[in-house]
Amino acid sequence: MAVSSSAARFAVLSFTFLFLNQHPVSPAMVGSDPDASPVKRLPATPRSPFKIALFADLHFGEDAWTDWGPRQDAKSVCVMSTVLDDEVPDFVVYLGDVITANNIMIANTSSYWDQALSPTRLRGIPLASVFGNHDDTAFEWPLEWFSAPGIPPVHCPVANSSFSGDCCFGGTQRLQLMTNEIEQYALSYSSKGPKDLWPSISNYVFQISPTDNPQSPLAYLYFLDSGGGSYSEVLSNAQSEWFKTRSLEINPDSRVPELIFWHIPSKAYEKVAPWSGVPRPCVGSINKETVASQEAETGIMEILEKRPSVK
């Protein structure tokens, strides 16, 4: 299943769950290339369902200069904490637009990124993230700042070891955001991805494997940066070819299920997405907004369609 998310926060974060029933596939069945570069392993409890929680469009730091913005961030922390305590997932995916960088006025926006991930980190749950179109967007000066009242008082966070507290409007680029996450949380399975795909960051794969048989993967999880912010909103042909080559390298027989995660919906999803009347338990802006898809389709959907292991 290719999982994607639209790019706007309405009033509350969006979340969902994926369940994997464990059916390990032996290395002999998989037929993986012995010369393939190793894949990082996420351990799973043997013979138990594996639950993945997804949080998308958190938009921490949105309207950071108002009272509304910080209140929404606090509510998001509360909702995530409740979900994690009630559902007790084995793994958490942050599916892009973790922050609204174009509203954040400090040099290192990683402080807001850290806040968004904090409910998961405090509970010691492994996680992975992928970028959305707001995570490294340049600061956008609000038009009302140029009206008679002028620029409001700007209250920057108190400086600590992870970021500067000085006000700044330069933002933090994808590479630094990802580097900070990886360095500060040992249970992050995120990756910067191959350098030849940069400036597209967060293109990577790892496998879920039972602790009693780590050589037998249950599933491969792929993450792709769908762009936006500092560059075009697109999954490039180079990313498509990377996925095609890597999947054939580590799962040539398509015996192991593959889950693909990215943020901005594809052109294909735009054609089939529901337009209105989506019933509960789906809530929020799903009935109020049209799909904002990627700028172009460069081949990834055709590759996924032809690959039977993609779920």
Side-chain angles (χ1 to χ4, degrees), residues 1-7 32-33 35-40 56 93-98 101 128-138 171-182 188-207 217 219-254 256-271 291-311:
M1 175 172 58
V3 182
S4 55
S5 173
S6 62
S32 59
D33 184 348
D35 297 323
S37 55
V39 178
K40 193 172 183 178
V93 171
Y94 285 84
L95 200 58
D97 279 3
V98 175
S129 63
V130 68
F131 288 114
N133 52 303
H134 282 279
D135 289 315
D136 72 343
T137 308
T172 305
Q173 295 301 301
R174 276 170 157 76
L175 182 58
Q176 188 59 50
L177 287 169
M178 184 59 73
T179 299
N180 289 346
E181 177 191 316
I182 295 170
S188 170
Y189 280 74
S190 302
S191 174
K192 303 171 189 175
K195 288 186 177 181
D196 56 357
L197 296 180
W198 292 4
S200 174
I201 309 296
S202 70
N203 300 285
Y204 58 97
V205 59
F206 58 84
Q207 72 182 49
Y220 289 107
L221 274 58
Y222 285 85
F223 295 79
L224 299 171
D225 184 350
S226 53
S230 59
Y231 74 103
S232 298
E233 297 182 357
V234 66
L235 279 168
S236 68
N237 180 261
Q239 289 171 280
S240 300
E241 289 301 314
W242 172 81
F243 168 78
K244 183 178 181 179
T245 300
R246 192 70 171 119
S247 59
L248 288 174
E249 182 182 42
I250 63 177
N251 191 20
D253 298 327
S254 294
V256 180
E258 296 165 328
L259 302 180
I260 322 297
F261 299 88
W262 68 70
H263 181 77
I264 304 176
S266 65
K267 289 286 187 182
Y269 178 76
E270 186 178 24
K271 296 178 181 179
V291 174
S293 67
Q294 297 169 38
E295 296 175 13
E297 180 64 68
T298 63
I300 187 64
M301 296 304 296
E302 182 178 356
I303 292 173
L304 298 182
E305 184 180 6
K306 293 180 179 178
R307 191 159 178 79
S309 46
V310 171
K311 306 301 180 184

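Worth saying up front: this structure is predicted, and the values here are computed from it rather than measured.
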Looking at His263 and Phe131, would you say the former's side chain and the latter's main chain have a donor-acceptor pair under 3.5 Å? no

Rounded to the nearest 0.5 Å, how far apart are CZ of Arg174 and CG of Asp135? 7.0 Å

Between Asp225 and Gln239, is any side-chain donor less than 3.5 angstrom from a side-chain acceptor? no

Side chains of Glu270 and Pro265: closer than 4.5 Å at any heavy-atom pair? no

Compute whether any side-chain donor of one residue and acceptor of the other, for Gln176 and Thr179, lie under 3.5 angstrom apart. no

Side chain to side chain, Glu302 and Lys306, heavy atoms closer than 4.5 Å: yes

On the ring face of Tyr204, is Lys192 found with NZ or CZ under 6.0 Å from the centre and within 45° of the axis? no

On a heavy-atom basis, the closest approach of Ile264 and Gln294 is O-NE2, 2.9 Å

Are the side chains of Ile300 and Trp262 in touch, meaning some heavy atoms are under 4.5 Å apart? yes

Would you say the side chain of Leu221 lies within less than 4.5 Å of the side chain of Gln207, judging by non-hydrogen atoms? no

Would a 4.5 Å heavy-atom cut-off, applied to side chains only, mark Ile250 and Val205 as touching? yes

Any side-chain heavy-atom pair of Val291 and Tyr269 under 4.5 Å: yes

Any donor and acceptor pair, going by atom type alone, linking the side chain of Asp136 with main-chain N or O of Thr172 inside 3.5 Å? no

Does the side chain of Pro257 come within less than 4.5 Å of Tyr220's, by heavy atoms? no

Between Gly299 and Ser240, what is the shortest heavy-atom contact and its length? C-OG, 3.9 Å

To the nearest 0.5 Å, atom CG of Leu197 lies from atom OG of Ser236 at 6.5 Å

Taking the side chain from Asp97 and the backbone from His134, do they hold a donor-acceptor pair closer than 3.5 Å? yes

Kindly compute the distance separating CD (Glu295) from OG (Ser232), expressed to the nearest 0.5 Å. 5.0 Å

Between Phe261 and Tyr222, is the ring centroid distance below 6.0 Å? no

Distance from Ser247 atom OG to Arg307 atom CZ, nearest 0.5 Å? 3.5 Å

Residues Lys244, Leu248; criterion side chain to side chain contact (heavy atoms under 4.5 Å, CB included); working and verdict: CA-CA 6 Å; Lys244 183 178 181 179; Leu248 288 174; 4.3 Å; yes

Report yes if some heavy atom in the side chain of Ile260 is under 4.5 Å from a heavy atom in the side chain of Phe223; otherwise report no. no

Pair Asn203-Ser200, side-chain donor/acceptor within less than 3.5 Å: yes

Begin with the C-alpha distance, continue with both residues' side-chain angles, and end with the deciding distance and a verdict on side chain to side chain contact (heavy atoms under 4.5 Å, CB included) for Val256 and Ser309. CA-CA 6 Å; Val256 180; Ser309 46; over 6 Å; no

Could you go step by step and tell me if Val130 and Tyr94 meet the side chain to side chain contact (heavy atoms under 4.5 Å, CB included) rule? CA-CA 6 Å; Val130 68; Tyr94 285 84; over 6 Å; no

If every non-hydrogen atom of Met178 is compared with every non-hydrogen atom of Ser129, which pair is closest and at what distance? CE-OG, 3.9 Å

In short, Ala128 meets Phe206 closest at the heavy-atom pair CB-CE2, 4.1 Å

Interatomic spacing from OG in Ser230 to CG in Leu175 - rounded to 0.5 Å: 10.5 Å

Would you kindly say whether Asn237 and Thr298 are connected by a side-chain donor-acceptor distance under 3.5 Å? no

Heavy-atom closest pair, residues Lys267 and Glu297: N-OE1, 3.9 Å

Closest approach of Ser266 to Ser293 (non-hydrogen atoms, all atoms of both residues): O-CB, 3.6 Å

How long is the span from the OH atom in Tyr231 to the CG atom in Asn133, to the nearest 0.5 Å? 10.5 Å

